[in-house]
Amino acid sequence: MLHYLGRRASYSVISILGLLTLVFFLTRLTGDPSALYLPLDSTPEARAAFAHLNGLDQPIYIQFWNYLADLLRLDFGESMRQHRSALEVALEAFPQTLKLAFVAMLLSLTLAIVVGSMAAARPRGLFDRIATVVSLAGASAPDFWVAIVAILVFAVGLGVLPTSGTGGWEFWVMPVFVLMLRPFGLLVQVVRGTMLSSLASPYIKTARAKGLARHTVVFGHALRNSLLPVITVAGDLSTGLINGAVIVESVFGWPGIGKLMIDSIIQRDFAVVQSTILVTATAIFILNILIDLLYAVLDPRVRY
Amino acid sequence: MNPTGIVSLVSAAILAGAASPVLAQNASHDIRIVLPEQPANLEPCGSIMTNVGQVLNQNITESLTVIDAKTGKAMPKLFTEWKQVDPTTWHFKVREGVKFHDGSDLNAKAVAFSIERMTGGKLTCNNMAKFGNAKLTVKPLDDYTVEIKSDRPQPILPTLLSVVMVVSPKTPVDKAVNNPVGTGPFKLTTFSTQTVVLDPFDGYWGKKPVVTKATYVWRQESSIRAAMVETGEADLTPSIAIQDATNPKTDFAYLNSETTAIRIDMDQAPLNDVRIRKALNLAIDWEGLAQLFGDDIQRASQMVVPGIIGHDDGLEPWKYDEAEAKKLIAAAKADGVKVDTEIKLIGRNGIYPNGAEAMEAMMTMWQAAGLNVKLVMLDVADWTRYLQKPFPAERGATLVQMMHDNNKGDAAFTIPIFYRSSGQYSSLSDPAVDKEIDTAMAATGEAREDGFKKIFRQMRTEIVPDIPMFHMLGYTRVGNRLNWKPDITTNSEIPLANIQFKN
Amino acid sequence: MSDISSVVPSTSAAKPRGRVLFNYLKRDRLALVAVVFLAILVIAALLGPWLMGDAATKLGLRHRNMAPFQIDAGWLYVLGADTLGRPILPRLVVGAGNTLGIAAAAVFTSMLVGGLLGLVAGYSENWYSHVIQRGADIIMSFPSLLLALIVLYTLGPSITNLVIVLAITRVPVYLRTARAEVLELRERMFVSAARAMGANSARIILRHIAPLVLPTLITISAIDFATVILAESALSFLGLGIQPPEFTWGAMVANGRGYLSTAWWIAFWPGLAIMLTTLSLNILSSWARTVADPQQRWRLQTLKKAAR
């Protein structure tokens with residue numbers, strides 16, 4: 001197992017370096033950033049001075065060489081927008097997203113497992129139908145729509161929650177709710193699907209024939225064996241949340257890494273694009289390793 | 001029937017008495033302002049960028065002069081008086097008795113330091129854009145007198161100096177700062193990813209503002225900003241979309257010194273034929289298009305707003321005349337002009353509210369008149385390639401969506417870049433026009449004004465290098481505690497000293 | 001003997017397959033409704049531009065943001081008008097084509113590519129299975145917006161490029177799900193049995209394992225449809241999606257974003273259309289799953305009574 005972990009870790013480091021190289025070259029294909037940092041009526045001389053000050057006028061291979069040399073000294077460059085260390089900017093933003101994503105994912109997964117299993121226990125019954133419609137409606141609703149309408153109803157209309165911002169638990173309610181919708185919707189369906197297959201297996205019939213209570217059968221036996229695909233999808237959704245909680249972050253004003261990444265991409269703040277991708281990629285790779293380990297824990301047939 | 005309206009009515013009773021999570025600010029004079037975007041940094045040299053200027057200008061740092069919005073003339077701020085000694089030399093008197101937040105004194109040396117920091121080139125200074133290629137040499141003549149020499153005649157140097165933010169001599173010259181030290185009535189307490197907090201500076205030289213603490217937050221969605229002021233979570237937002245400005249008691253429109261237009265690429269066929277350019281102006285249903293921007297929007301006939309020196313008040317904008325447009329196109333076609341050539345309309349995402357819709361509408365109208373116009377929406381960096389020289393060689397015939405901001409009181413910040421052959425945005429190359437521009441730029445007083453007016457008239461009636469659209473409006477929402485109205489400078493600065501309370 | 005056979009489901013009779021499927025559909029009312037809805041959508045996608053193309057693109061600046069349920073301006077305006085005064089109902093009908101086309105192409109491509117790569121990556125532990133997995137990790141970590149920006153900036157904003165971008169970003173989920181299922185399935189007895197009989201890896205993967213992995217992938221793809229439509233909507237909001245005057249439901253939703261409190265219908269109707277489409281696809285996929293699984297099929301079958 002340790003051998004496996006060691007190998008995965010080293011592959012991951014190589015992959016992350018490959019990713020950063022890819023990002024480095026590809027982002028520089030997307031145009032001259034001076035247009036975004038200097039006022040539109042700047043003179044060509046001013047633009048040239050800006051390019052020179054930020055090392056953008058050198059050939060791309062020299063820029064890449066400098067970048068690698070800086071990386072070795074753990075210098076990830078400076079944000080052209082904020083005039084601060086790019087890594088510091090990314091590391092400040094990441095915990096905000098992580099907190100939100102973690103809570104949302106935990107709630108989605110737990111609720112989805114419960115609801116999905118109950119739906120699978122009586123397929124095409126009333127509960128199943130309602131659960132399907134509600135979860136799918138949530139999953140396919142545009143998230144900004146839900147977010148803004150929720151704010152209009154609960155904050156402006158009823159005044160029971162704050163509109164936006166961070167703070168105590170009341171600031172978490174709407175953002176987490178909006179963030180949960182798609183994961184919950186998808187996971188309910190996946191759980192239901194895999195549970196349906198499991199519940200039809202011979203060993204379940206055996207368990208029922210033995211006289212075990214329904215909920216023991218469903219949750220104690222069938223669930224464990226359905227979890228592999230569920231965990232996979234949940235893992236993919238988590239990474240999606242880390243990268244993609246942009247809407248929630250921008251509507252509710254949470255200074256998270258999703259919004260930071262999008263803003264940096266649009267603003268061509270190369271150093272911050274690279275440092276945010278570094279941070280999120282590391283998190284994603286670690287998450288994927290954990291999920292693979294979880295497979296082995298959950299299913300003894302999976303061997304590495 | 002607005003569902004939100006129904007909910008609001010029903011819940012009014014619930015609200016009365018319900019504990020609100022709103023911070024209890026009512027007794028104090030602390031205010032909360034919600035901005036559309038986070039200030040990327042607080043470097044005073046970047047204060048012409050809206051998101052920086054709205055926090056910094058006249059609050060933390062102050063400028064050497066300020067522009068009077070109605071007359072366009074420069075007024076004293078940290079410089080108290082000035083005179084032009086010869087065409088390239090001015091003498092300025094520095095205000096006495098002013099201290100910086102860190103205790104340093106404001107004197108001629110400090111002013112020279114600030115100007116040299118700006119022009120020195122060791123850090124990127126956005127405010128320098130207003131100076132173009134002018135080179136300035138600053139010399140303190142005594143403790144409170146400064147001499148500024150320029151390499152070419154600068155009749156409006158005091159106007160130009162309105163962008164110079166004076167910083168403490170202890171500020172680093174070779175890097176941008178996020179903790180500026182200025183002379184303003186407020187000092188910076190906090191700058192984080194979520195908020196900026198300003199507290200009063202007790203040693204301020206002028207009148208103490210009523211506001212005792214200013215907290216800035218930012219939310220990207222206009223509907224959220226409007227909601228925050230509505231619920232009381234914020235007291236003021238300087239910018240909301242027109243469709244959210246539904247409450248006349250709290251929502252105020254103001255002319256924000258931006259003019260929207262379409263820049264025509266005069267080098268490329270068929271746009272090089274003046275009849276096609278006139279047709280482009282005539283084929284638009286201007287009244288219909290104005291519906292996208294609100295009832296108070298002003299139609300533009302030239303690229304500066306009324307109040308700027310050089311604005312010709314008598315110049316009429318183009319009217320909608322589809323028949324005439326079609327006639328002109330037919331005449332051009334008869335003369336062999338290839339009117340079917342594809343014309344690319346280059347839009348910029350997010351340039352102004354309803355910008356994309358406006359481009360779609362204009363494209364449809366031009367197609368109806370018989371031109372082959374195709375819309376391409378680009379992001380800022382991509383769009384800039386088409387906006388400024390050097391233009392991409394393979395661009396084809398292009399029309400570029402743009403917006404121009406001139407709140408510095410003088411058409412000198414507009415005319416050269418648009419119409420001179422060396423201008424950044426200009427596809428014009430006419431030596432006669434260049435000479436007229438240079439003459440007007442060097443003139444003063446009425447000769448200057450008349451020179452500029454003549455150029456705008458010529459552009460509108462004879463040369464038609466662009467399609468001026470509208471003088472844009474900004475919309476603000478002001479909470480019930482405050483007594484404040486926006487003016488033309490609100491787009492670039494929100495001086496807290498101007499905010500009063502209703503009591 | 002004949003008494004026993006009378007309660008056996010009559011699948012062995014020579015009924016045409018279509019008829020059998022239709023019977024299954026009849027037993028599941030909701031699935032039937034879903035199929036009908038999807039059929040209407042497909043017809044709209046095919047015939048829409050021809051029937052309502054003009055109405056969908058005609059400007060009506062004088063009735064911008066017109067509210068729904070007023071018939072003064074004509075029945076076409078029953079769902080209201082958008083920010084440029086164009087009636088929403090025809091736009092929904094005409095937009096169906098682009099929306100379904102782009103989403104179907106992206107989902108199908110990513111499911112095919114991701115599924116196959118996942119099968120390969122899960123079945124063996126060689127170097128290329130590692131390369132595939134790390135490749136998936138890299139794609140997952142690459143922000144989709146950046147990918148969209150790069151592709152669209154360098155290659156131009158065309159529908160094909162849009163589909164490519166959307167497909168690439170969805171590949172990892174199919175890849176990893178397929179791999180997870182394969183990891184578990186490859187240890188099962190039927191695999192060893194097949195191997196003992198001399199089947200090569202490709203045959204085992206495609207003929208034996210793939211059909212068992214497919215149901216989960218299809219379940220995911222049904223919701224992925226909505227994810228792709230909404231991803232395109234997010235790209236449209238940033239101007240990177242489908243370019244005007246072409247439009248999709250996602251683009252309509254993006255346009256309505258700033259008007260939720262004042263003209264809610266602009267984003268609501270296309271959003272509802274997306275929701276109903278997703279619902280239908282999902283119900284259909286769930287029904288298909290039941291039909292395809294021999295152990296579940298009984299839920300949709302009737303007992304045939306023998307003649308007495």
Side-chain angles (χ1 to χ4, degrees), chain A residues 30-47 49-50 53-54 78-84 89 92-93 96 144 147-149 151-153 155-168 170-171 249-255 259-260 263 266-269, chain B residues 3-4 6-8 10-11 14-15 18 20-22 37-38 40-41 43 46 48-49 121-130 132-133 175-178 192-194 217-221 223-224 227-228 230-231 233 379-385 387-390 402 404-405 413 417 424-425:
Chain A
T30 56
D32 176 19
S34 74
L36 298 147
Y37 293 95
L38 302 176
L40 288 173
D41 39 3
S42 300
T43 58
E45 290 80 10
R47 291 181 192 283
F50 176 82
L53 212 58
N54 287 286
E78 194 182 82
S79 161
M80 284 194 287
R81 279 177 72 216
Q82 302 190 29
H83 306 301
R84 297 193 288 149
V89 173
E92 248 180 18
Q96 299 280 357
F144 70 81
I148 295 181
V149 169
I151 291 177
L152 290 175
V153 169
V156 180
L158 298 174
V160 295
L161 288 173
T163 58
S164 51
T166 57
E170 67 265 14
F171 289 89
E249 285 169 13
S250 79
V251 172
F252 291 100
W254 279 60
K259 182 159 197 306
L260 179 65
D263 286 344
I266 291 180
Q267 297 269 329
R268 313 291 198 274
D269 195 352
Chain B
T4 315
I6 300 176
V7 174
S8 303
V10 164
S11 58
I14 307 174
L15 256 180
S20 162
V22 166
E37 58 175 308
Q38 177 184 10
N41 52 62
E43 165 54 54
I48 59 169
M49 311 295 257
K122 296 214 191 72
L123 57 84
T124 303
C125 187
N126 289 336
N127 292 358
M128 284 302 296
K130 295 298 179 197
N133 281 329
K175 63 183 181 67
V177 294
N178 282 319
S192 75
T193 52
Q194 299 197 49
V217 292
W218 31 88
R219 300 286 181 265
Q220 196 181 6
E221 296 284 329
S223 44
I224 306 299
M228 283 176 80
E230 200 179 322
T231 61
E233 280 176 43
D379 87 317
V380 188
D382 213 353
W383 166 85
T384 317
R385 288 190 311 135
L387 179 71
Q388 300 176 323
K389 290 193 171 101
M402 61 178 315
H404 176 67
D405 180 6
F413 296 105
I417 40 174
Q424 280 281 66
Y425 304 152

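Reminder, nothing fancy here: chain letters follow the sequence lines and each chain counts from 1.
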Practice task
Just do the side chain to side chain contact (heavy atoms under 4.5 Å, CB included) check on A/Ile148 and B/Glu221 with the steps written out, would you?
Solution key: CA-CA 9 Å; A/Ile148 295 181; B/Glu221 296 284 329; 3.6 Å; yes
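Taking A/Arg84 as the reference, A/Gln82, A/Glu88, A/Glu92 meet the side-chain hydrogen bond (donor to acceptor under 3.5 Å, both in side chains) condition, with sequence neighbours excluded. Take A/Glu78 and apply the side-chain hydrogen bond (donor to acceptor under 3.5 Å, both in side chains) test, not counting sequence neighbours, and it matches no residue.
When heavy atoms are compared at a cutoff of 4.5 Å, B/Gln388 approaches chain A solely by way of its side chain, counted from C-beta outward. Using a 4.5 Å cut-off between heavy atoms, A/Phe144 makes no contact with chain B at all. For chain B, the nearby parts of A/Arg81 are the backbone and the side chain; heavy atoms of each come within less than 4.5 Å. The contact between B/Ser223 and chain A is made entirely by side chain atoms (from C-beta outward), counting heavy-atom distances below 4.5 Å. For chain A, the nearby part of B/Met49 is the side chain; its heavy atoms alone come within less than 4.5 Å. Heavy atoms of A/Leu53 lying under 4.5 Å from chain B belong exclusively to its side chain. Neither the backbone nor the side chain of B/Lys389 comes within contact range of chain A; no heavy atoms are under 4.5 Å apart. Of the two parts of B/Asn126, the backbone and the side chain both hold a non-hydrogen atom closer than 4.5 Å to a non-hydrogen atom of chain A.
The structure places CE of B/Met228 at 4.0 Å from OG of A/Ser164, a figure rounded to the nearest 0.5 Å. Here the CZ atom belonging to A/Arg47 is positioned 7.0 Å from the OG1 atom belonging to B/Thr384, to the nearest 0.5 angstrom. The CG atom of A/Leu38 lies 9.5 Å from the CD1 atom of B/Ile48; values are rounded to the nearest 0.5 Å. We find the OG1-CD distance between B/Thr193 and A/Gln96 to be 6.0 Å, quoted to the nearest 0.5 Å.
Of the listed residues (B/Ala129, B/Gly121, B/Gly46), the one with the most heavy-atom contacts under 4.5 Å to chain A is B/Ala129.
When atom types are taken as modelled, the side chain of B/Glu233 and the backbone of A/Thr163 share a donor-acceptor pair closer than 3.5 angstrom.
Of all heavy-atom pairs spanning B/Asn178 and A/His83, the tightest one is ND2-O, 4.0 Å.
B/Gln194 and A/Thr166 share a donor-acceptor pair across their side chains, judged by distance under 3.5 Å alone.
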